[in-house]
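Structure record follows, encoded as structure tokens.
Proteins come first, then strands; the chains are lettered A, B, ... in the order of their sequence lines, and each starts at number 1. Because the structure is a prediction, the values reported are computed rather than measured.
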2 protein chains.
Amino acid sequence: MLIGELAAAAGVSTATIRFYERSGLLTPPERTSGGYRDYPDRAVAELRFVRAGQAVGLTLTELAEITAFRDRGEAPCGELVALMEHRMVEVEHRINELDQLRRDLAVLLDAAHAHNLDDCPPATMYGLLERREPQPSRDAVAFPRT
Amino acid sequence: MLIGELAAAAGVSTATIRFYERSGLLTPPERTSGGYRDYPDRAVAELRFVRAGQAVGLTLTELAEITAFRDRGEAPCGELVALMEHRMVEVEHRINELDQLRRDLAVLLDAAHAHNLDDCPPATMYGLLERREPQPSRDAVAFPRT
DNA sequence: CTAAGCCTTAAAGTGCGGTTCAAGGTCAAG
DNA sequence: CTTGACCTTGAACCGCACTTTAAGGCTTAG
């Protein structure tokens, strides 16, 4: 199987496949006499595994560790499950953060709609974003949007 | 007020303040005879507004539009509220996505714990991430983690 | 006068997950 | 034997929100 066929079979670009190979996520395939990558059928499953891992929010670094285990003939199911459990905790944490944010925004928007939005000096505008109840962790230095 | 004092007052680095100024988020202050930035007291509120906007997930580009309005003497409260409402929709959407992911992970982990994790050929491992019920939007090309 | 501790700038680097580009090689059809 | 569709590589670029680095100027205390 050539790279374009693998790409079509897994629904990714050929550039992504080469990038994954460089990143240690896919085992480098044999080459044809002309130097083309020649993939075995199992490469499709290998690639789909990476995409499935990404879809649940595992990082490429984490997935590379798993595939490195696999390529050394070890049995990384335990490691994979550990990553999934860790991700589960992260997701729950993030849902709670976003839910708090949703509530905060609801309060702010409610208050905002009580204002005359056409009379809007800076101090009034700044007030539209002021959250009285401090957000749970005071020193959360990053503001992830997604 | 010098930049270091403003930074301390708002809890950001001086590099961040210069970056915000370059990005159009803060009005460029007067300079002292020696070329130092000399901030008026209202710069603290201005900077805190930007951080508050970030904390609810507005982008710097969005906040720059607001401050550009303000610096032209217009009344951007309506625009700010529109951004907040838009952000609210995004947050709700993201919460739903993450909640679906949480449920999917729960199912996968449940199934995984029924396996013997020490007997783990690749095909078995790949199965640990297979989600039968397809994720809502088939062509969601990005995998945001946060 | 000098040393410390502020401040200045432009430019480059970071992390993540890729995409895009430039310059070229291979292969099958016509 | 040329055309066009594929493939190769390395390097640069993207967005986002900064941080870091390098090289130097200002200010004040001793």
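Between B:I17 atom CD1 and C:dT8 atom C1' the separation is 14 Å, expressed in whole Å. Rounded to whole Å, atom P of C:dC16 lies 13 Å from atom CG of A:L63. Between the CD atom of B:E21 and the C1' atom of C:dT8 there is a distance of 12 Å, given to the nearest Å. Atom P of nucleotide D:dC16 and atom CG of B:L25 are separated by 13 Å, given to the nearest angstrom. Separating the CG atom of A:L47 from the P atom of C:dG17 is a distance of 15 Å, rounded to the nearest angstrom. Between the CD atom of A:E5 and the P atom of D:dA5 there is a distance of 17 Å, given to the nearest Å.
Checking side-chain atoms of A:R87 against main-chain N and O of B:R145 turns up a donor-acceptor pair under 3.5 Å. Between the side chain of B:Q54 and the main chain of A:F143, no donor-acceptor pair closer than 3.5 Å is present. Counting only distance, with no hydrogens or angles, the side chain of B:R94 and the backbone of B:T146 share a donor-acceptor pair below 3.5 Å. Checking side-chain atoms of A:T124 against main-chain N and O of A:C120 turns up no donor-acceptor pair under 3.5 Å.
When each of B:R22 and A:S13 is assigned the nucleotide of DNA chain C bearing its nearest heavy atom, the one mapping closer to the 5' terminus is B:R22. Each of A:T61 and A:A15 was assigned the nucleotide of DNA chain C with the nearest heavy atom; the assignment lying further toward the 5' end belongs to A:T61.
Under a cut-off of 6.0 angstrom, the local environment of CG in A:D41 is sparse, with at most 12 non-hydrogen atoms contributed by other residues, nucleotides or ligands.
Closest contact between the side chain of A:F19 and the listed nucleotides D:dT8, C:dT8, C:dG17 involves C:dG17. Nearest to the side chain of B:R145, among C:dG18, C:dG17, D:dT8, sits C:dG17. When distances are taken from the side chain of B:L60 to each of C:dC7, C:dT8, D:dC18, the shortest belongs to D:dC18. Checked against C:dT20, D:dA17, C:dT8, the side chain of B:R37 finds its nearest nucleotide in C:dT8. The side chain of A:Q54 lies closest to C:dG17, out of D:dA17, C:dG17, C:dT19.
Using a 4.0 Å cut-off between a side-chain N of Lys or Arg and a carboxylate O of Asp or Glu, B:E30 and B:R37 do not qualify as a salt bridge.
Residue contacts for B:T59: at a heavy-atom cut-off of 4.0 Å it reaches the sugar-phosphate backbone alone, with no base atom in range.
Cation-pi geometry between B:R18 and B:Y20 is not satisfied (NZ or CZ under 6.0 Å from the ring centre, within 45° of the ring normal).
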Could you run down the sub-3.5 Å N/O contacts of the protein with nucleotides 23-30 of chain C?
| from | atom 1 | to | atom 2 | distance (Å) |
| --- | --- | --- | --- | --- |
| C:dG25 | N2 | A:Y36 | OH | 2.6 |
| C:dT26 | O4' | A:Y36 | OH | 3.3 |
| C:dT26 | O2 | A:Y36 | OH | 3.1 |
| C:dC27 | OP1 | A:G34 | N | 3.4 |

